[in-house]
Amino acid sequence: MRNIKFFDTTLRDGEQSAGVNLNLQEKLEIARQLERLRVDIIEAGFPASSKGDFEAVKQIAETVRTCSVTGLSRSVRSDIDAAWEALKGGAEPRLHLFIATSPIHMVHKLRMTPEQVIEAAVEAVKYAKRFFPIVQWSAEDACRSELPFLAKIVAEVIKAGASVINIPDTVGYITPKEYGEIFLYLQNNVPNIENVSLSAHCHDDLGMAVVNSLSAIEHGATQVECTINGIGERAGNAALEEIAVALHIRKDYYQVETRLNLQEIKRTSNLVSKLTGVVVPPNKAVVGKNAFAHESGIHQDGVLKEKTTYEIISPELVGVPSNSMVLGKHSGRHALRNRVEELGYTLSDEEINQLFVRFKELADKKKDITDDDLIALIFEEKFDHFKDFYQLSSIQVQYGTNQIPTAVVVLKDGKGNEIQEAATGAGSVEALYNTLERCFQTEVTLLDYRIESVGGGRDALAQVFVKVRVHDIETSGRGTAQDVLEASAKAYINAMNRVFMIEAMRAENEKVATS
């Protein structure tokens, strides 16, 4: 059987989703989980795009040892130099070079002739090969390119030293039949094509990213590029979990193998969803909350008699637990640490101690602490790295059907100074957010507000996700608490702290640029 490599671009293409801004710690945690999932290649970012991206790619390359780590680069020497500095400490450094090849991109974006595009691509690959043992070359907007020109440029970059040729459906335009035919055309018209691996990269604008990727595999591709939960620009990318499970369940048809640990799929999906704030739809294939739910009486009867009557994927295959470990107020630090490790999270002694305090506080209010509760607490402790910005001290909200909702908020800044404000609104959350806007003394546009429970029951934790825009910065935030309003305040503050962090990084970059 052929082996299919999985190239995960959650941390590069996936992070380009509107409102998603991952910090360094969050990126590292996702990278470690992708390593547990055993993807073959992690695209960690675009090193030349910003100082923050450069540092994230560098640290991920130095941390991950069982996957190849790559970074994106335009076909210019400065990008390639930045990528090498970031990636040279990796176990198997590789570069992902790209240049557009469609007439519409060459004319309107690059303003280059086809001959100039070929020259730039060849020069970039030759230069990159001085440093990188593996160079992947991508024809941006390949699916709207003229096939004879695509074959010509592919042949030239292979001569220059490219090891992998990627054919991206950059705008999600192609159909499965047409996409497969491109791969066949290249195999029949590029004389040195046997010297490289062919890769597929599909976007989901027409809802065909996964089926297009599978078509590419059927027609000779040995690498597929995708993201966890299918996140990405516009309608997103091909969903890794859907491609992986399709290849496993229909191995009889596709006749391929992968090295993925499928039991890590659900955990990876949950991690990415929580850190990005992009909620997985309940009916999402493989990882949605309802993916293994049966409501129809006929279906339920069949599953009880024989699971395979209506279940082609077992929950256990993708790591959906059949039961959840329950901890309580009598559980000790050792039991907590063991469960945290079993859930796949690595916490320092200090983080465990802080988590234990929060765990005990919750256990005094809530009889049973489930895995979902514990994960929510872990996220609050492990990924809230904004101690130098603003923290919630207290909130008080007055509400009644015959009263004007009023909120009073006390915040502490990084220096320990208290800020207190009050405001009204049409409802409790609006009053709370009007008050917080006053605290921050800046105009904030709330783009999205979502609330969900962690588990079930009256004492369930509330988890709130918000998306905000401040000036030209769009970002998200999350907060968890037993009280809905407290969770709402934490989510808003978390989003604003991200805004202030981005502004601080911009100011630092401008300072470096002018010095």
Side-chain angles (χ1 to χ4, degrees), residues 1-7 9 40-41 43 68 70 72-73 75 92 94-103 105-106 114-130 132-170 173-202 209 211-226 238 243 247 254-258:
M1 287 189 179
R2 285 187 300 145
N3 182 263
I4 302 300
K5 289 188 174 181
F6 274 77
F7 177 115
T9 184
D40 298 276
I41 301 119
E43 187 168 44
S68 178
T70 189
L72 189 68
S73 169
S75 295
E92 187 188 57
R94 67 173 66 203
L95 184 67
H96 184 189
L97 274 174
F98 75 96
I99 194 167
T101 57
S102 67
H105 274 244
M106 290 191 289
E115 290 72 26
Q116 288 172 326
V117 170
I118 292 176
E119 184 181 348
V122 168
E123 183 185 338
V125 171
K126 285 181 176 177
Y127 184 70
K129 281 298 286 185
R130 297 184 192 179
F132 292 91
I134 301 172
V135 173
Q136 171 174 316
W137 181 82
S138 285
E140 186 185 9
D141 203 23
C143 295
R144 293 191 295 174
S145 300
E146 294 171 346
L147 290 182
F149 174 71
L150 187 62
K152 184 178 179 180
I153 194 171
V154 166
E156 292 302 315
V157 295
I158 294 173
K159 286 180 194 173
S163 308
V164 180
I165 300 297
N166 182 40
I167 307 300
D169 183 19
T170 304
Y173 174 78
I174 203 95
T175 66
K177 183 175 182 291
E178 292 172 315
Y179 197 47
E181 287 171 351
I182 291 177
F183 284 85
L184 289 179
Y185 182 90
L186 293 177
Q187 290 169 81
N188 292 330
N189 291 275
V190 177
N192 49 0
I193 198 75
E194 71 278 358
N195 297 328
V196 296
S197 300
L198 293 177
S199 181
H201 178 115
C202 298
V211 70
N212 280 338
S213 300
L214 292 170
S215 176
I217 290 169
E218 284 186 80
H219 292 88
T222 55
Q223 178 177 293
V224 62
E225 305 189 8
C226 37
I243 299 171
L247 293 178
Y254 291 106
Q255 293 290 301
V256 298
E257 292 180 328
T258 76

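These numbers were taken from a predicted model, which means no experiment stands behind them. Side chains included, hydrogens not; waters and symmetry mates left out as well; all remaining heavy atoms used.
Contacts of Pro114 classified as side-chain contact (heavy atoms from CB on, under 4.5 Å), with partners at least two apart in sequence or in another chain: Met106, Phe149. The side-chain contact (heavy atoms from CB on, under 4.5 Å) test applied to Ser68 returns Ile41, Glu92, Arg94, not counting sequence neighbours. Residues that satisfy the ring pair (Phe, Tyr, Trp, His ring centres under 6.0 Å) test with Tyr254, not counting sequence neighbours, are absent from this structure. With sequence neighbours left out, Ser199 forms a side-chain contact (heavy atoms from CB on, under 4.5 Å) with Val164, Asn166, Gln223, Glu225. With sequence neighbours excluded, no residue forms a side-chain hydrogen bond (donor to acceptor under 3.5 Å, both in side chains) with Thr170. Checked against side-chain contact (heavy atoms from CB on, under 4.5 Å), Ala216 has the following partners two or more places apart in sequence or in another chain: Tyr179, Phe183, Ala200, Ala221. Not counting sequence neighbours, Phe6 has no partner by the ring pair (Phe, Tyr, Trp, His ring centres under 6.0 Å) test. Listed by chain and residue number, nothing satisfies the side-chain hydrogen bond (donor to acceptor under 3.5 Å, both in side chains) test with Gln255 (two or more places apart in sequence, or in another chain). Taking the side-chain hydrogen bond (donor to acceptor under 3.5 Å, both in side chains) definition, one finds that Glu257 meets it with nothing, sequence neighbours left out. Judged as a side-chain hydrogen bond (donor to acceptor under 3.5 Å, both in side chains), and not counting sequence neighbours, the contacts of Glu181 are Lys177.
Rounded to the nearest 0.5 Å, atoms CG (Asp40) and CD1 (Ile4) are 10.0 Å apart. Interatomic distance, Ser138 OG to Ile99 CD1, rounded to the nearest 0.5 Å: 11.5 Å. Considering CG of Asn212 and OG1 of Thr175, their distance stands at 7.0 Å, rounded to 0.5 Å.
Evaluation of the salt bridge (Lys or Arg N to Asp or Glu O under 4.0 Å) test over residues 148-157, restricted to residues two or more places apart or in two chains, returns Glu156-Lys159. The side chain to side chain donor-acceptor pair (under 3.5 Å) analysis of residues 186-196, with sequence neighbours excluded, yields no pairs.
Around NZ of Lys126, the count of heavy atoms belonging to other residues, nucleotides or ligands within 6.0 Å does not exceed 12.
Between Ala100 and His105, the shortest heavy-atom contact is CB-CB, 3.4 Å. Nearest heavy-atom pair across Ala128 and Leu97 is CB-CD1, 4.1 Å. When every heavy atom of Thr222 is checked against every heavy atom of Ser197, the shortest pair comes out as OG1-CB, 3.6 Å. Among all heavy-atom pairs drawn from Ala142 and Leu150, the shortest one is O-CD2, 4.1 Å. His96 approaches Thr70 most closely through the heavy-atom pair N-OG1, 3.5 Å. When all heavy atoms of Leu198 and Gly220 are compared, the closest pair comes out as CB-O, 4.4 Å.
Looking only at distances, no side-chain donor or acceptor of Ser102 sits under 3.5 Å from a matching main-chain atom of Arg144. Under a 3.5 Å cut-off, the side chain of Ser213 and the backbone N or O of Ala209 do form a donor-acceptor pair. Under a 3.5 Å cut-off, the side chain of Ser75 and the backbone N or O of Phe98 do form a donor-acceptor pair.
Checking each of Ile167, Ile182, Ile153, Thr101 against Ser145 for a side-chain contact (heavy atoms from CB on, under 4.5 Å) leaves exactly one that passes, namely Thr101.
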